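Inspection log for the structure reproduced underneath, given as structure tokens.
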There are 2 protein chains.
Amino acid sequence: MKVLSKGSVYALRALTYVVAHKGDIGFVNIGELSRSLDISFHFLTKIFQQLTQAGILESYRGPNGGIKLARPPQEIKVIEIVDVLEGPEFFNTCLLGLPGCGEFDPCPVHDFWKDAKAALREEFEETTLAELGKKVSDERLRIKP
Amino acid sequence: MKVLSKGSVYALRALTYVVAHKGDIGFVNIGELSRSLDISFHFLTKIFQQLTQAGILESYRGPNGGIKLARPPQEIKVIEIVDVLEGPEFFNTCLLGLPGCGEFDPCPVHDFWKDAKAALREEFEETTLAELGKKVSDERLRIKP
DNA sequence: CTGGTTTGAGACTTTCGAGTCTCAAAAAAC
DNA sequence: GTTTTTTGAGACTCGAAAGTCTCAAACCAG
């Protein structure tokens, strides 16, 4: 059951790693992140570009350049990252893939799926990068394969 | 958010249609189903072949041939169809795509995702084709695009 | 038995997300 | 100013899911 695209997954892994291991200071080198997390450098760069354009990250070119969070990690919610990388239709899909499925024209599993999607969205709304990072550094949870 | 493959989606749509519109008698022509539901005939045939081999459907070749449910629709659960078409790993995935994520080595969102997967599985366990068919015929819910 | 109809099986093609490569642009070091 | 380092942008390639095609096998009708 693949829910999130690789883009979202890599972004969450990488930014959680930044919060857990890099504190909140200065720009973090993308090449180093790519090596530490075993994620393709070019692919990771493309993902960060989208987040930079969306205002979630700031970037800096040249020696000692890299990316950093545009706001403190406790103010950045998971949903923001997912929204950027999955697009606006992410929480608006029908489990049976029927276009037009909705309150006024529901498919047979619409009611259940509506609640399931709402629960997932709520989780993403409530969780911040700071919490993910804290879990990883406090409980030493895994973040790479 | 794409959760089920096209195979599962088409199978559920087609079998719900069969239950709702064809009653429980005789073999239903695949070509007719393909046309009624606007699903590729060859693709639908391949999907039904998997369900036939799994014992969920029975098929019959030649004139007036087709497929039919191997058991009454109130005894066929949605989970059976999903299991066949998605494979055994479907409910065993990590939201962050981390191999080895589990109770003893959880990712930062493991606890939440475990519950969400369990809820989805339970819904699929509880829902039968008969219920899907009844919803469609009683409430005139949509099943095609 | 012959011909038409339908599912079975597998090869083939298409599409799209994922990943790679190349070069441009910005910044620092010298 | 030139070179080096790093991100930015876009074209290109790869692989798996989705979809198509062809022919074989089963079955019925005549």
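The structure displayed is predicted, hence computed values, not measured ones. Proteins come first, then strands; the chains are lettered A, B, ... in the order of their sequence lines, and each starts at number 1.
Nearest-nucleotide mapping onto DNA chain C: of B:Gly31 and A:Phe41, the residue sitting toward the 5' end is B:Gly31. If you find the closest nucleotide of DNA chain D to A:Gln49 and to A:Pro63, the one lying nearer the 5' end belongs to A:Pro63. Closest-nucleotide positions on DNA chain C for A:Gly62 and A:Lys6 were compared, and the one nearer the 5' end corresponds to A:Lys6. The residue among A:Lys46 and A:Thr52 whose nearest nucleotide of DNA chain D lies closer to the 5′ end is A:Thr52.
Using a 4.0 Å heavy-atom cutoff across all strands shown, B:Glu32 reaches no nucleic acid atom at all. Residue B:Tyr10 is in sugar-phosphate contact alone, with no base atom involved, counting any heavy-atom pair closer than 4.0 Å across all strands shown. Here A:Gln53 lies in heavy-atom contact (under 4.0 Å) with sugar-phosphate atoms only.
Side-chain contact between B:Phe91 and A:Met1 is present, with heavy atoms from C-beta onward closer than 4.5 Å. Residues B:Glu32 and B:Phe41 are not in side-chain contact: their nearest non-hydrogen atoms beyond the backbone lie 4.5 Å or more apart.
If you chain together hydrophobic residues whose side chains sit under 4.5 Å apart, B:Leu4 and B:Leu129 fall into the same group.
Regarding B:Asp38, its CG atom lies at a distance of 10 Å from the P atom of D:dT20, rounded to whole Å. Rounded to whole Å, the distance from CG on B:Asn29 to C1' on D:dC28 is 14 Å. For A:Leu57 and D:dT7, the CG to C1' distance is 12 Å, given to the nearest whole Å. In this structure, the CD1 atom of A:Ile47 is 14 Å from the P atom of D:dT7, given to the nearest Å.
Considering every non-hydrogen atom in both A:Thr128 and A:Gln74, the closest pair reads CG2-O, 3.5 Å.
With respect to the salt-bridge test (charged N to carboxylate O, under 4.0 angstrom), the residues A:Arg71 and A:Glu58 do not qualify. Salt-bridge annotation for A:Arg121 and A:Glu125: present, with a side-chain N of the basic residue lying under 4.0 Å from a carboxylate O of the acidic one.
Other residues, nucleotides and ligands place more than 12 heavy atoms under 6.0 Å from the CG atom of A:Asp105.
Taking 4.0 Å as the cutoff to heavy atoms of chain A, we find the contact window on DNA chain C bounded by C:dA18 to C:dA28.
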